[in-house]
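In what follows, residues are counted from 1 in the order of the sequence shown. This structure is a prediction, so every number in the text was calculated from the model and none was measured.
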Amino acid sequence: MSQIKITRVGIEGLAIIEPTVHGDDRGYFMETYNQNDMKEAGIDAVFVQDNQSMSKKGVLRGLHYQKEFPQAKLVRVIKGEVFDVAVDLRKNSKTYGKWFGMVLSEENKKQFFVPEGFAHGFLVLSDEAEFCYKVTDFYHPGDEGGIAWNDPELGIEWPQIRGEYQGSASPDSYAMEDGTPLSLSDKDKKMKGFKDTFTF
């Protein structure tokens with residue numbers, strides 16, 4: 001009997017995965033990954049590497065994609081809360097250029113499956129967040145591309161962010177609702193918009 005619940009969303013290939021949590025007054029137990037359950041749900045990805053990162057509130061990572069060595073990802077949060085986003089980059093897809101976002105947290109224990117052909121990013125909503133993800137290919141230096149997180153062409157509705165687009169990915173004109181500044185890597189600050197990177 002499968003230990004996961006799969007919810008498909010409006011973009012083909014994306015899936016929300018909810019594990020069965022067995023809990024009592026001592027704590028809880030859950031399977032965070034079961035290959036048989038995933039195959040039964042139609043997700044036949046073979047993961048080769050596990051990654052983990054810690055980020056502080058206001059950190060926005062993304063939107064990243066791989067150019068020649070695309071990765072499918074299975075992502076989850078083990079501490080804190082993030083808003084996680086995937087953007088469809090598959091040119092033959094009916095939802096090319098569309099995005100989907102969801103909250104991942106240690107409380108909801110949801111996982112997000114992002115297949116190959118998507119850009120991915122997340123915003124940290126809690127004071128800190130620890131983010132775990134499985135990938136289907138190894139890291140290849142120089143293979144990562146990106147799209148501006150605030151590109152109006154995409155129109156991603158990032159929660160808890162206030163500010164106005166000033167023509168670049170710079171976070172200087174934005175902040176979190178509580179005044180926390182946005183924090184991006186130097187590389188992410190220079191990302192260009194979707195139409196400057198891809199064609200419709």
Side-chain angles (χ1 to χ4, degrees), residues 2-11 13-24 26-35 37-38 41 43 45 47-66 70-88 99-116 118-137 139 144 146-147 149-150 154 156-161 171 174-178 180-185 188:
S2 177
Q3 295 289 302
I4 58 174
K5 173 187 174 185
I6 299 281
T7 303
R8 301 288 178 176
V9 300
I11 298 178
L14 296 180
I16 300 169
I17 299 164
E18 297 176 73
T20 299
V21 181
H22 306 276
D24 57 26
R26 300 170 300 161
Y28 72 87
F29 170 84
M30 66 179 184
E31 292 182 359
T32 59
Y33 175 73
N34 182 301
Q35 189 179 51
D37 286 351
M38 295 288 278
I43 298 173
F47 297 105
V48 299
Q49 183 174 313
D50 282 12
N51 300 325
Q52 183 169 335
S53 68
M54 188 282 286
S55 305
K56 297 180 179 179
K57 186 171 187 175
V59 168
L60 198 156
R61 299 186 186 273
L63 302 158
H64 301 150
Y65 63 91
Q66 293 74 42
Q71 297 175 334
K73 303 174 182 72
L74 181 64
V75 304
R76 65 191 180 101
V77 167
I78 61 170
K79 179 182 178 182
E81 181 177 80
V82 311
F83 185 71
D84 199 76
V85 172
V87 179
D88 192 349
W99 66 275
F100 177 83
M102 63 176 295
V103 171
L104 299 174
S105 71
E106 63 180 307
E107 284 81 17
N108 69 26
K109 297 179 175 56
K110 292 180 179 179
Q111 300 181 31
F112 189 27
F113 177 72
V114 182
E116 295 179 3
F118 283 78
H120 174 260
F122 65 89
L123 167 68
V124 178
L125 304 177
S126 52
D127 289 341
E128 287 185 353
E130 292 187 20
F131 189 86
C132 296
Y133 55 110
K134 305 175 85 67
V135 294
T136 57
D137 201 352
Y139 173 70
E144 188 173 74
I147 307 167
W149 66 276
N150 59 346
L154 295 177
I156 296 171
E157 297 173 6
W158 298 96
Q160 301 184 26
I161 290 181
Y174 298 89
M176 304 288 285
E177 290 175 336
D178 65 357
T180 301
L182 286 189
S183 178
L184 276 71
S185 70
D188 287 349

**Q** Find the distance between CD (Glu107) and CG (Leu104) and round it off to the nearest 0.5 Å.
**A** 12.0 Å
**Q** Grab the two heavy atoms, one from Gly13 and one from Arg8, that are nearest each other, plus how far apart they are.
**A** O-NH1, 4.1 Å
**Q** CZ/Phe113 to CD1/Ile16 distance, rounded to the nearest 0.5 angstrom?
**A** 13.5 Å
**Q** Is there a side-chain contact between Glu18 and Lys110 (heavy atoms, below 4.5 Å)?
**A** yes
**Q** Check step by step if side-chain contact (heavy atoms from CB on, under 4.5 Å) holds for Met102 and Val9.
**A** CA-CA 11 Å; Met102 63 176 295; Val9 300; over 6 Å; no
**Q** Quick check: do Ile17 and Ile43 have side-chain heavy atoms less than 4.5 Å from each other?
**A** yes
**Q** What distance do Phe83 atom CZ and Gln160 atom CD have between them, rounded to the nearest 0.5 Å?
**A** 10.5 Å
**Q** Specify the closest pair of heavy atoms between Pro19 and Met30, including all atoms of both residues, with the distance to one decimal.
**A** CG-SD, 3.6 Å
**Q** Between Met54 and Glu130, is the side-chain contact (heavy atoms from CB on, under 4.5 Å) condition met? List the steps.
**A** CA-CA 4 Å; Met54 188 282 286; Glu130 292 187 20; 4.0 Å; yes
**Q** Compare every heavy atom of Ile147 with every heavy atom of Ala119, then report the nearest pair and how far apart it is.
**A** CB-CD1, 4.1 Å
**Q** Quick one: list whatever passes side chain to side chain donor-acceptor pair (under 3.5 Å) with Lys73, sequence neighbours left out.
**A** Gln66
**Q** Around Asn108, counting heavy atoms of other residues, nucleotides and ligands shown, do more than 12 lie under 6.0 Å from its CG?
**A** yes
**Q** Do the non-hydrogen side-chain atoms of Met176 and Ile161 ever get within less than 4.5 Å of each other?
**A** yes
**Q** What is the distance from atom NZ of Lys134 to atom CZ of Arg76, rounded to the nearest 0.5 Å?
**A** 8.0 Å
**Q** Among Ile11, Asp88, Leu14, find the residue that satisfies the side chain to side chain contact (heavy atoms under 4.5 Å, CB included) test when tested with Pro115.
**A** Leu14
**Q** Between Leu60 and Pro171, is any pair of side-chain heavy atoms under 4.5 Å apart?
**A** no
**Q** Anything under 30° is parallel, anything over 60° is perpendicular, the rest tilted; go ahead and classify Phe122 against Phe131.
**A** parallel
**Q** Which pair of heavy atoms, one from Tyr65 and one from Gly146, lies closest together, and at what distance?
**A** CE2-N, 3.2 Å
**Q** What is the distance from atom CG of Asp127 to atom NZ of Lys79, rounded to the nearest 0.5 Å?
**A** 9.0 Å
**Q** If you define the side chain from C-beta out and look only at heavy atoms, does anything of Ser183 sit under 4.5 Å from Lys56?
**A** no
**Q** Could you tell me whether the side chains of Asp50 and Gln52 share a donor-acceptor contact shorter than 3.5 Å?
**A** no
**Q** So, Gln111 side chain and Leu74 main chain: donor-acceptor pair closer than 3.5 Å or not?
**A** no
**Q** Okay, side chain of Ser105, backbone of Glu81: is any donor-acceptor separation there less than 3.5 Å?
**A** no
**Q** Atom CH2 in Trp158, atom OH in Tyr174: separation rounded to 0.5 Å?
**A** 11.5 Å
**Q** Side-chain contact test, heavy atoms from C-beta onward, threshold under 4.5 Å: evaluate it for Ile4 versus Glu31 and give yes or no.
**A** no
**Q** Between His22 and Gln3, is there a side-chain donor-acceptor contact under 3.5 Å, judged purely by atom types and distance?
**A** yes
**Q** Would you say the side chain of Asp84 lies within less than 4.5 Å of the side chain of Val77, judging by non-hydrogen atoms?
**A** no
**Q** Mind listing the closest non-hydrogen atom pair of Val124 and Ala129 along with its distance?
**A** CG1-CB, 3.8 Å
**Q** Can you check whether Trp149 reaches Leu182 side chain to side chain, under 4.5 Å on heavy atoms?
**A** yes
**Q** Could you pull out the closest heavy-atom pair between Thr136 and Ala72, with the gap in Å?
**A** OG1-N, 2.8 Å
